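The next block holds one structure in the form of structure tokens; read it before the comments.
Note that the structure is predicted; figures quoted are calculated from it, not measured. Sequential numbering from 1 along the given sequence is applied to the chain's residues.
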Amino acid sequence: MKATVIGGGPAGYVSALVMRRLGAEVFLIEKEEIGGTCLNRGCIPTKTIIHNLKHACSSIDLEILMEKKDKIVDTQKKGLMMLLKQTGVKIVQSEAELVNPKTVFLKNTQETIQADKIIIATGSRPRELPMLNFDGEKILSSDDLWMLKKIPKSITIIGAGAIGCEFAWIFYLLGSKVTLVELMPRVLPMEDEDVSKEVEKLFKKRKIEFYTAVKIEDLKKMDNSVQITLSNGKIVTSEIVLVSVGRAFNTECIKTSEIKIGSKKEIVVNERMQSNVENIFAAGDVTGQWLLAHVAYREAEVAAKNAMGYNEKMDYSVIPSTIFTVSEVGSVGLKEKEATEKGINIKKGIFPFRASGKAHIIEEIDGFVKVIADRDSDTIVGAHIVGADASELIHELAVAVKLKAKAKQLKDLIHSHPTLSECVGEALKDLFDEAIHKIK
């Protein structure tokens, strides 16, 4: 079988690897760099910068910081290229167009590739706003930030979701004056309300300004700054503006009308990651589902296996989500409000990091672990963490939600001491008002 994958990001290269290992001849087409946004401009670069800034012992040299980031990205990219080549995936660097369900046109060489199965994994890009068109100088996308030559004295970030809050933390650590502007009523509006409140508190503590439930009424570019007028009357002035208001889906490569495209320009797929055209599958951001690399990995596996004749289904019910901002955020399952709206008679257990010996040892005592359970069935339905290593701790609770575990089964599990995971154990005990170290 001959298969072609368009796009070399997390969804694309995983699709290619899986299909090749299952016996297909695979062409992986990428117009820029293997690894996509995640490796080159997203997850890996931002977390590298945050790690180095948090552990910086002296003044910050932006050039050295970028060199460290580039070294890690290059190492990861070389390893990925080696993996693809050793597996036997044929890599083609070109812009591609899907001209019909069996034919991919390579714009760089003016050649075509015929394929029995095609997976589209072209990802997404930063979305623009009418008044905030990217100019690469004062109005920037998250991609543009990697071209900065100096640390700005001030930055306004439009959008206080995951990307906005992560860059707010980065620029705070760099020494910039940071202001966040959010249309929704709170910072991190997609997270549990208690998480949003905690992050807002931590922002205030560090004098990171934020304005929620506001619109942009006017924008003026000055010689050395940008002036934004908000609907609450506040005027915010900064050197640069970052627009982080979501993503636009890269479906421009589809030149055939046979494939169904949704209202947001996403590729419409079923639970098998299959489009309305039998031999065309899609995975990753371009499907408009969860815009997360780890979700793209799983979507890619499902798409690739089904393209090879399997019958796998994508399950979005238990997806851990992580945000790396002023304190890490980890969440899985239902938020408290969602659980209540579903008619679940909830009970919740909360335990603060401040009561953890390990949190004091590493000098990161902000935040909490929150576990939500169904009072009637004792099933754990959701969990939310703000604090050190939340991105690692959340997975113990993700397993609990996935397996529909009973809180009584887990509350007596012994956690090693001194560890931050003890906070998870104490939060589970708090569901029964049995937390040992919680001060009422």
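Between the side chains of Ser391 and Thr322, no donor N or O sits under 3.5 Å from an acceptor N or O. Counting only N and O atoms by type, the side chains of Tyr316 and Glu299 include a donor and acceptor under 3.5 Å apart. Between the side chains of Glu422 and Ser356, no donor-acceptor pair of N or O atoms lies under 3.5 Å. Under 3.5 Å, the side chains of Lys69 and Asn52 contain no donor-acceptor pair of N or O atoms. The closest side-chain donor-acceptor pair between Ser317 and Asp315 falls under 3.5 angstrom. No side-chain donor-acceptor contact under 3.5 Å links Glu198 and His384.
With contacts defined as side-chain heavy-atom distances shorter than 4.5 Å, the pair Leu183/Val214 does not qualify. In this structure, Thr287 and Glu266 have side chains that are not in contact, with every pair of non-hydrogen atoms separated by 4.5 Å or more. The shortest distance between side-chain heavy atoms of Val5 and Tyr13 does not fall below 4.5 Å. Proximity of Leu22 to Met19: side-chain heavy atoms (C-beta onward) are nowhere separated by under 4.5 Å. Within the 4.5 Å cutoff, the side chain of Val199 has no heavy atoms near those of the Ile323 side chain. Considering only heavy atoms from C-beta on, Val236 stays 4.5 Å or farther from Glu209 through its side chain. Contact of the Val381 side chain with the Val401 side chain is not registered, since no non-hydrogen atoms from C-beta on lie closer than 4.5 Å. Two residues are said to be in side-chain contact when any heavy atoms from C-beta on lie closer than 4.5 Å; Ile372 and Asp192 meet this criterion.
A salt bridge does not link Asp430 to Lys348: none of the charged side-chain nitrogens sits closer than 4.0 Å to a carboxylate oxygen. Ion pairing between Glu200 and Lys197 fails under the 4.0 Å rule for side-chain N and carboxylate O. A salt bridge is defined here as a Lys NZ or Arg NE, NH1 or NH2 lying under 4.0 Å from an Asp or Glu carboxylate O, and Lys54 with Glu364 meets this definition. A salt bridge is absent between Lys265 and Glu252: the closest approach of a Lys/Arg side-chain nitrogen to an acidic carboxylate oxygen does not fall below 4.0 angstrom. Note on Arg298 versus Glu312: salt bridge recorded, some NZ/NE/NH1/NH2 to OD/OE distance being below 4.0 Å. Between Asp378 and Lys408 there is no salt bridge, since no side-chain N of the basic residue sits under 4.0 Å from a carboxylate O of the acidic one.
Judged by distance alone, with hydrogens and angles left aside, the side-chain atoms of Ser238 form no donor-acceptor pair with the main-chain N or O of Ile155 at under 3.5 Å. With Glu166 contributing its side chain and Phe324 its backbone, the two residues share a donor-acceptor pair below 3.5 Å. No donor-acceptor pair closer than 3.5 Å links the side chain of Glu426 to the backbone N or O of Phe351. In this structure a side-chain-to-backbone donor-acceptor pair under 3.5 Å is missing from Asp374 to Thr379. Checking side-chain atoms of Asp144 against main-chain N and O of Glu137 turns up no donor-acceptor pair under 3.5 Å. Without hydrogens or angle criteria, Asp61 side chain to Ile64 main chain gives a donor-acceptor distance under 3.5 Å. Side-chain atoms of Arg186 do not come within 3.5 Å of backbone N or O of Ser196 as any donor-acceptor pair. The backbone N or O of His415 sits nowhere less than 3.5 Å from a side-chain atom of Ser421 that would complete a donor-acceptor pair. At least one donor-acceptor pair under 3.5 Å links the side chain of Thr325 to the backbone N or O of Cys165. Side chain of Lys47 to backbone of Gly42: no donor-acceptor contact under 3.5 angstrom is found.
Listed by first then second residue, pairs satisfying side-chain hydrogen bond (donor to acceptor under 3.5 Å, both in side chains) with a partner in residues 89-98 read Glu25-Lys90, Ser94-Asn108, not counting sequence neighbours.
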Intermediate values then yes/no, side-chain contact (heavy atoms from CB on, under 4.5 Å), Asn133 and Ile139: CA-CA 7 Å; Asn133 294 318; Ile139 311 297; over 6 Å; no
| query | Would Phe27 and Ile6 satisfy side-chain contact (heavy atoms from CB on, under 4.5 Å), going step by step from the backbone distance to the final call? | reply | CA-CA 8 Å; Phe27 289 85; Ile6 305 175; over 6 Å; no
Notebook entry, point to check: Does the pair Leu397 and Ile385 meet the rule for a side-chain contact (heavy atoms from CB on, under 4.5 Å), with working shown?
Noted result: CA-CA 10 Å; Leu397 293 163; Ile385 306 175; 4.3 Å; yes
Q: Go through the steps to decide whether Phe249 and Thr122 satisfy the test side-chain contact (heavy atoms from CB on, under 4.5 Å), and finish with yes or no.
A: CA-CA 8 Å; Phe249 307 118; Thr122 44; over 6 Å; no
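Looking at Lys150, Lys153, Lys177, Lys221 one by one, the single match for salt bridge (Lys or Arg N to Asp or Glu O under 4.0 Å) with Glu239 turns out to be Lys150. Results of the side chain to side chain contact (heavy atoms under 4.5 Å, CB included) test with Leu140 over Ile157, Leu132, Leu148 single out Leu148 as the only residue that passes. Applying salt bridge (Lys or Arg N to Asp or Glu O under 4.0 Å) to Asp143 and the options Arg41, Arg125, Arg127 leaves one that passes, Arg41. A side chain to side chain contact (heavy atoms under 4.5 Å, CB included) with Phe171 holds for exactly one of Leu53, Leu145, Ile208; it is Leu145.
Cation-pi check for Lys234 over Tyr211 is not met; the charged atom does not lie both under 6.0 angstrom from the ring centroid and within 45 degrees of its normal.
A tilted orientation is assigned to the rings of His55 and His51, their planes being inclined by 30° to 60°.
Here the shortest heavy-atom pairing between Val245 and Ile158 reads CG1-O, 3.6 Å. The two residues Ile361 and Pro418 have their closest heavy-atom pair at CD1-CG, 4.1 Å. Across all their heavy atoms, Pro126 and Phe134 have their closest contact at O-CE1, 3.8 Å. A pairwise comparison of heavy atoms in Gly159 and Ser244 identifies O-OG, 3.2 Å as the closest pair. Nearest heavy atom pair, residue Val318 against residue Lys402, reads CG2-CA, 3.8 Å. Smallest separation of non-hydrogen atoms from Val371 and Ala427: CG2-CB, 3.9 Å.
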